[in-house]
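Residues take their numbers from the sequence shown, with the count starting at 1.
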Amino acid sequence: MDFTEFERKIKQAGLTRQEFAGLMRMHPRTVYNYSKSSPDRVPDHLAVVVSLLSKMHENGIEFSSIFSDLDLQYAKPRGAKVDKRSKGD
């Protein structure tokens with residue numbers, strides 16, 4: 001699924017990018033980054049989830065409580081700068 005289709009499915013699910021990121025416990029910037037780093041391909045797991053959510057919304061099935069029940073954790077940031085200097089320097 002390309003990013004344009006991904007965004008269309010997010011809207012079909014009645015969500016914004018930020019709301020989708022919140023449900024998935026992702027930083028909203030991560031979702032935005034997919035549009036820049038790989039506009040032709042969204043990760044398969046996100047494509048599956050957004051497709052299911054859009055169908056659920058289309059059929060009047062409430063899904064936010066399902067995500068609440070899962071107790072998902074936010075991913076830890078990767079690639080953060082690490083200060084390697086010792087405190088004695």
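Listed here is the closest heavy atom pair of Gly22 and Arg25: O-NH1, 2.7 Å. Here the shortest heavy-atom pairing between Ser51 and Ala47 reads OG-O, 2.8 Å. Shortest non-hydrogen contact noted between Ala21 and Pro28 is CB-CA, 3.7 Å. The shortest non-hydrogen separation linking Val49 to Phe67 is CG1-CZ, 4.3 Å.
Note on ring orientation: taking the six-membered ring where Trp is involved, the planes of Phe6 and Phe3 are tilted (angle from 30° to 60°).
Here the straight-line distance linking atom CG of Asp2 with atom OG1 of Thr4 works out to 5.0 Å at 0.5 Å rounding. Here the OG-CD distance, from Ser64 to Glu19, works out to 10.0 Å after rounding to the nearest 0.5 Å. Here the NZ atom belonging to Lys11 is positioned 8.0 Å from the CZ atom belonging to Arg17, to the nearest 0.5 angstrom.
Between Leu46 and the options Val48, Val50, Val42, a side-chain contact (heavy atoms from CB on, under 4.5 Å) holds for only Val42.
Residues Ile66 and Met56 meet the side-chain proximity criterion, which asks for heavy atoms closer than 4.5 Å. In this structure, the side chains of His57 and Gln12 stay at 4.5 Å or more apart for every pair of heavy atoms. Residues Ser35 and Glu7 are not in side-chain contact: their nearest non-hydrogen atoms beyond the backbone lie 4.5 Å or more apart. At a threshold of 4.5 Å between non-hydrogen side-chain atoms, the residues Val31 and Met24 do not count as touching.
Every residue meeting the side-chain contact (heavy atoms from CB on, under 4.5 Å) condition with Asp44, not counting sequence neighbours, appears here in chain and number order: Arg41.
Residue Leu53 is grouped with residue Leu70 when hydrophobic side chains (ILVMFWY) are merged at heavy-atom distances under 4.5 angstrom, including chains of intermediate members.
Residue Glu5 qualifies as enclosed at atom CD: its count of foreign heavy atoms under 6.0 Å is above 12.
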